[in-house]
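Below is one structure; the comments refer to it alone.
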Amino acid sequence: MKLKLPDSLSSAQDLQSVLLELKGLQQWLSHDAVKKQVTQKGAINPPVLSDSASEVVQSFKEITPENVQALITTLQDYADSAHQVTITLAAPAGTGLKKSLVAWCRANIAPDVLVSFQFNSTLLGGMVVRHGSRIHDWSFRRQILAGKDNFPEVLRRV
């Protein structure tokens with residue numbers, strides 16, 4: 001099963017959250033099937049899924065325990081094999097910024113990349129990107145520290 005995750009489902013934590021919801025859905029579907037066989041009535045209240053989980057489940061015409069199990073297996077394989085990138089910003093990222101950065105990473109790095117977001121106010125601006133053992137630091141803090149010998153001269157001119 002080939003799977004394309006929505007940009008709202010970006011990090012490994014988001015993926016684990018969706019997996020837990022899908023396991024709950026699969027359990028409910030199994031119980032509902034048994035209940036229908038025994039009493040001819042199904043359960044009344046299906047579990048409520050998050051928007052991300054709903055987007056992933058919409059790929060199926062019919063939601064059965066077997067389909068959900070196949071989806072769970074696919075997502076677990078996806079989580080095990082996906083590239084992971086961590087982006088650290090100077091402030092918490094908004095939803096729009098997260099979606100655009102995830103879309104850029106999936107278009108330019110790898111279509112199966114998982115992007116985690118952190119924030120650290122000591123960066124002062126810019127960002128730090130970690131991918132595997134590589135760290136790319138485009139923060140203002142690094143730029144200021146790199147030019148610390150020139151900093152007193154700049155202050156004298158002010």
Side-chain angles (χ1 to χ4, degrees), residues 1-139 142:
M1 163 186 262
K2 183 68 177 160
L3 182 66
K4 182 182 181 308
L5 293 181
D7 290 342
S8 61
L9 186 60
S10 62
S11 68
Q13 293 85 1
D14 294 342
L15 193 57
Q16 290 302 320
S17 175
V18 168
L19 278 167
L20 285 174
E21 288 184 67
L22 292 176
K23 287 176 183 178
L25 175 64
Q26 180 189 25
Q27 184 178 18
W28 181 86
L29 288 169
S30 297
H31 289 202
D32 188 53
V34 169
K35 196 169 189 179
K36 283 180 183 177
Q37 288 176 349
V38 174
T39 65
Q40 302 301 322
K41 292 184 197 175
I44 300 170
N45 299 326
V48 178
L49 298 177
S50 67
D51 294 339
S52 298
S54 296
E55 284 184 63
V56 173
V57 171
Q58 286 175 354
S59 61
F60 293 111
K61 293 179 183 175
E62 183 181 1
I63 301 174
T64 63
E66 295 79 22
N67 288 345
V68 174
Q69 180 57 45
L71 183 58
I72 289 170
T73 303
T74 302
L75 286 175
Q76 286 173 333
D77 292 343
Y78 189 95
D80 294 340
S81 65
H83 297 281
Q84 294 199 11
V85 173
T86 302
I87 299 176
T88 305
L89 301 167
T95 305
L97 178 61
K98 282 183 180 180
K99 284 184 179 181
S100 63
L101 286 173
V102 169
W104 186 91
C105 288
R106 288 186 177 162
N108 295 295
I109 296 174
D112 64 343
V113 71
L114 294 174
V115 183
S116 299
F117 290 92
Q118 298 177 346
F119 77 94
N120 181 349
S121 61
T122 64
L123 295 181
L124 305 175
M127 70 174 140
V128 177
V129 178
R130 288 186 194 97
H131 180 259
S133 62
R134 293 192 171 139
I135 298 175
H136 303 282
D137 189 348
W138 295 291
S139 67
R142 185 196 54 81

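Position 1 is the first residue of the sequence, and the numbers go up from there. Just so it is clear, the model here is predicted, and its values are computed rather than measured. Quick note: numbers below take in every heavy atom, side chains included, and nothing from hydrogens, waters or symmetry partners.
Between atom CG of residue D32 and atom CD of residue Q37 there is a gap of 10.5 Å, rounded to the nearest 0.5 Å. Within the model, atoms CG of L101 and CG of L89 stand 7.0 Å from one another, a figure rounded to the nearest 0.5 Å. Atom CG of N67 sits about 11.5 Å away from atom CG of L22, to the nearest 0.5 Å. With rounding to the nearest 0.5 angstrom, the NZ atom of K98 is 7.5 Å from the OG atom of S11. Taking CZ from R130 and CD from Q84, the interatomic distance works out to 13.0 Å, rounded to the nearest 0.5 Å. Atom CG of residue L71 and atom CD of residue E66 lie 13.0 Å apart, to the nearest 0.5 angstrom.
Within 6.0 Å of CG on N108 lie more than 12 heavy atoms contributed by other residues, nucleotides or ligands.
Every residue meeting the ring-ring contact (aromatic ring centres under 6.0 Å, His included) condition with H83, not counting sequence neighbours, appears here in chain and number order: H131.
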Let's go through V128 and I135 carefully: what are the C-alpha distance in whole Å and the side-chain angles of both, what is the deciding distance for side-chain contact (heavy atoms from CB on, under 4.5 Å) to 0.1 Å, and is it a yes or a no?
CA-CA 7 Å; V128 177; I135 298 175; 3.7 Å; yes
Walk me through whether N45 and W28 qualify under side-chain contact (heavy atoms from CB on, under 4.5 Å).
CA-CA 9 Å; N45 299 326; W28 181 86; 5.8 Å; no
Next on the checklist: side-chain contact (heavy atoms from CB on, under 4.5 Å) for L97 and F117? Distances and angles first, verdict last.
Outcome noted: CA-CA 11 Å; L97 178 61; F117 290 92; 5.9 Å; no
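Between S52 and V18, the shortest heavy-atom contact is CB-CG2, 4.0 Å. In this structure, V113 and Y78 approach most closely via the heavy-atom pair N-OH, 4.4 Å. Summarising the geometry of L25 relative to L49, their closest heavy-atom pair is CD2-CD1, 4.0 Å, with the distance given to 0.1 Å. The minimum heavy-atom distance between D137 and R142, with the atom names listed, is O-NE, 2.6 Å. Scanning all heavy atoms of the two residues, the minimum distance from Q118 to T86 falls at CD-CG2, 3.8 Å. Across every non-hydrogen atom of I72 and L19, the tightest pair is O-CD2, 3.7 Å.
A distance-only check finds no donor-acceptor pair linking the side chain of N120 to the backbone of T88 [under 3.5 Å]. Of the possible donor and acceptor atoms, none in the side chain of S17 sits under 3.5 Å from a partner among the backbone N and O of Q13.
Sorted by first and then second residue, the salt bridge (Lys or Arg N to Asp or Glu O under 4.0 Å) pairs involving residues 101-125 (not counting sequence neighbours) are D7-R106.
At a threshold of 4.5 Å between non-hydrogen side-chain atoms, the residues V68 and I63 count as touching.
Under 3.5 Å, the side chains of Q26 and S30 contain no donor-acceptor pair of N or O atoms.
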